[in-house]
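In what follows, a single structure is set out as structure tokens and then discussed.
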Amino acid sequence: MRLLLLGPPGAGKGTQAKRMSRRYGLTALSSGDILRGQIQIGSAVGKRAAPFVSSGALVPDDVITDVMLAGIAGTPYRTGFILDGFPRTLPQAQALDEGIEDLGVDITAVLNFDMDDRDIVSRIVGRRSCGKCGAVYNVDFLPPKTADVCDVCGSPLVQRVDDREDVVVNRLKTYRAQTAPLVKYYSDKGLLHTIDASAAADAVEAQVGLMIDSLSAGK
Ligand code: AP5
């Protein structure tokens, strides 16, 4: 099961990728988490990516494509994986097609997390993440048991630098202009499955589960 998660910022891709990873034992690779990790350690990739990430623009295709193809090659890719946030442009999608063809595998399905822009901003400005283990919460919708403390590892929760409202507006514009065309790209390949991402997290998880079960059953 090799799955791509597509959808606007804040649609819940990362939340569901973590749940699917636990439930199905698949490795989830989040391009955003990988870039934030590189920025934190101050690597060459991180230094190149930082100004793009903090302003809500896309990192150049060559930077992210090299990182993600190397990440895929390092997973048990024949068993499966989940890609969250990659590809995000047509050149990235074409590079992914070529890269995984070289590995002798293909994409099983693309899950398009569909959601209106007006609901997205409140989700994102309420997001808090654990700086240590990466668990994701929301002060309104998915709060931790103790305010500002991670349920999983007890570390303090932090807000992402790109979760300010002005940056979110820019990320949404970037998504509509550069990433939304991938919906047609994958629909034309017969791989697209639409998920109603505006539902509560457990309901979204149930939709995803049904879709994966039907794919596994070969329907
Ligand atoms: P990235 O980290 O990938 O950000 P994104 O796509 O903008 O997605 P988000 O992480 O904001 O949202 P999500 O859909 O994962 O939602 P989440 O589950 O957290 O990318 C960041 C930056 O890196 C980009 O702007 C770009 O600069 C760069 N980058 C990354 N990939 C790149 C690429 N391929 N090419 C070029 N540049 C790239 O949920 C959001 C909130 O809502 C949370 O608080 C959560 O608790 C809550 N929530 C989740 N589900 C629900 C629900 N069903 N109901 C209520 N609340 C919910």
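Since this is a predicted model, take the numbers as computed values, not measurements.
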Can you find a pair of side-chain heavy atoms, one from F113 and one from L5, that are under 4.5 Å apart? yes

Give the intermediate values and the outcome of side chain to side chain contact (heavy atoms under 4.5 Å, CB included) for residues T179 and T174. CA-CA 7 Å; T179 308; T174 302; 5.7 Å; no

R2 side chain near D106 side chain, heavy-atom distance below 4.5 Å: yes

So Q92 and T65, side-chain hydrogen bond (donor to acceptor under 3.5 Å, both in side chains) or not? Walk me through it. CA-CA 6 Å; Q92 288 180 24; T65 299; 5.2 Å; no

So do the side chains of P144 and V149 get within less than 4.5 Å of each other, counting heavy atoms only? no

Gap between atom CD1 of I124 and atom CG of L172 - 0.5 Å precision: 6.0 Å

Verify side chain to side chain contact (heavy atoms under 4.5 Å, CB included) between T194 and Q207, making sure each step is shown before the conclusion. CA-CA 10 Å; T194 298; Q207 287 180 63; over 6 Å; no

Flag if over 12 foreign heavy atoms under 6.0 Å of CD, Q40: no

Counting C-beta onward and ignoring hydrogens, is there a side-chain heavy-atom pair between C150 and R128 closer than 4.5 Å? no

Would you call K189 and D97 a salt bridge, taking side-chain N to carboxylate O under 4.0 Å as the test? yes

Any side-chain to backbone donor/acceptor pair from E205 onto M20? Under 3.5 Å, distance only. no

What are the two closest non-hydrogen atoms of V152 and C133, and how far apart are they? CB-SG, 4.0 Å

Does a side-chain heavy-atom distance below 4.5 Å link I212 with L3? yes

Does any part of the side chain of S54, heavy atoms only, come nearer than 4.5 Å to the side chain of D162, both counted from C-beta? no

Is a donor from one side chain sitting under 3.5 angstrom from an acceptor on the other, for D119 and S198? no

Any non-hydrogen side-chain atom of D202 less than 4.5 Å from a side-chain atom of R19? yes

Evaluate the side chain to side chain contact (heavy atoms under 4.5 Å, CB included) criterion for residues I64 and V45: first the C-alpha distance (whole Å), next the side-chain angles of each, then the deciding distance (0.1 Å), finally the verdict. CA-CA 9 Å; I64 190 68; V45 165; over 6 Å; no

If every non-hydrogen atom of Y77 is compared with every non-hydrogen atom of I72, which pair is closest and at what distance? CD2-O, 3.5 Å

Please examine the side chains of L96 and L4, heavy atoms only from C-beta on, and report whether any two atoms are closer than 4.5 Å. yes

Determine yes or no for a side-chain-to-main-chain donor-acceptor pair under 3.5 angstrom, with K47 supplying the side chain and Q38 the backbone. no

Charged N-O contact under 4.0 Å between K173 and D117: no

